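Take a look at the structure below.
Keep in mind it's a predicted model, so treat the numbers as computed, not measured.
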Amino acid sequence: MTTRSCPCGLTGPYEKCCGRYHAGAAAPSAEALMRSRYSAFVRQDAGYLLRTWHPRTRPARLDLDPAMRWTGLEILGTTDGSAFHTTGTVTFRASYRGGSLHERSRFERVDGAWVYVDGDFLA
C-alpha cells in the first residue's frame with residue numbers, strides 16, 4: 001500500500017495530517033486550519049472549505065476550477081491562533097502552475113472551532 005504525503009507540506013501521510021481534519025477532527029490552531037484548507041483546495045473539497053469558513057463571510061457556494069493545479073504552500077508567518085487565542089492570522093504563499101497567491105488570512109474561533117474569516121492579498 002502506498003501512502004500519499006500531505007499536500008500542505010508537512011511530513012507525514014495525508015490521512016494522519018490534513019486528512020483527519022477533512023474527516024471531521026477539529027484543527028488545533030489557525031495554522032493547522034490554514035494548511036488543511038490549502039489541502040482541501042488541492043483535493044477540490046469544496047464542502048470542507050465551506051464548513052471551515054466563518055458564517056459571516058462564507059459564500060453561498062464555491063465553484064472550484066478543476067484545471068487549477070496547486071504546487072506548494074509556504075507559511076511565512078503567524079500571529080496568535082493557538083489554543084490560547086480566539087483570533088489569529090496566517091501569512092502564506094500558495095503556489096500554483098503559472099503563479100502564486102500571497103495572502104494574510106484572518107481566523108476566529110466559532111463555538112470552539114477555528115474558521116477562516118477573510119484575507120488580504122499581498123504583493
Side-chain angles (χ1 to χ4, degrees):
M1 179 174 123
T2 306
T3 305
R4 292 173 292 155
S5 61
C6 194
C8 81
L10 294 178
T11 58
Y14 163 77
E15 291 76 17
K16 293 186 189 265
C17 193
C18 293
R20 62 189 163 147
Y21 307 131
H22 295 173
S29 68
E31 180 180 338
L33 183 66
M34 169 56 231
R35 288 181 177 279
S36 71
R37 286 177 56 84
Y38 171 81
S39 291
F41 275 105
V42 170
R43 297 173 63 84
Q44 300 277 309
D45 187 346
Y48 179 78
L49 292 165
L50 290 169
R51 284 193 308 277
T52 58
W53 210 311
H54 197 292
R56 181 175 75 237
T57 57
R58 177 175 45 226
R61 64 180 238 213
L62 189 60
D63 296 320
L64 299 175
D65 180 356
M68 179 65 113
R69 294 293 175 254
W70 295 97
T71 59
L73 176 66
E74 180 183 4
I75 301 296
L76 303 172
T78 62
T79 304
D80 298 335
S82 76
F84 303 105
H85 302 105
T86 56
T87 63
T89 65
V90 179
T91 304
F92 67 92
R93 181 172 291 111
S95 300
Y96 55 88
R97 194 180 317 145
S100 67
L101 169 72
H102 188 193
E103 181 178 311
R104 181 176 302 112
S105 295
R106 283 179 283 281
F107 298 87
E108 289 180 15
R109 282 188 190 263
V110 172
D111 297 328
W114 285 106
V115 292
Y116 169 77
V117 177
D118 60 16
D120 296 320
F121 295 113
L122 306 172

Please check: side-chain N/O of [X] versus main-chain N/O of [Y], any donor-acceptor pairing under 3.5 Å?
X	Y	result
H102	A123	yes
T86	R109	no
E108	G88	no
S105	G119	no
R20	C17	yes

Legend entry - Donor + acceptor pair across side chains of E31, S29 (<3.5 Å): no

Legend entry - Minimum-distance pair of heavy atoms, taken over all atoms of C18 and S36: SG-CA, 3.4 Å

Inset, instruction - Quick one: list whatever passes side-chain contact (heavy atoms from CB on, under 4.5 Å) with R69, sequence neighbours left out. - result: R97

Legend entry - More than 12 heavy atoms of other groups within 6.0 Å of R58 CZ: yes

Legend entry - Audit row: R106, D120, side chain to side chain contact (heavy atoms under 4.5 Å, CB included) steps and yes/no: CA-CA 9 Å; R106 283 179 283 281; D120 296 320; 2.9 Å; yes

Inset, instruction - Check which hydrophobic residues are tied to L64 through side-chain heavy-atom contacts below 4.5 Å, counting indirect links as well, and list them. - result: Y21, L33, M34, Y38, F41, V42, Y48, L49, L50, W53, L62, M68, W70, L73, I75, V90, F92, Y96, L101, F107, W114, Y116, F121

Legend entry - Distance (rounded to the nearest 0.5 Å) between E15 CD and H22 NE2: 11.5 Å

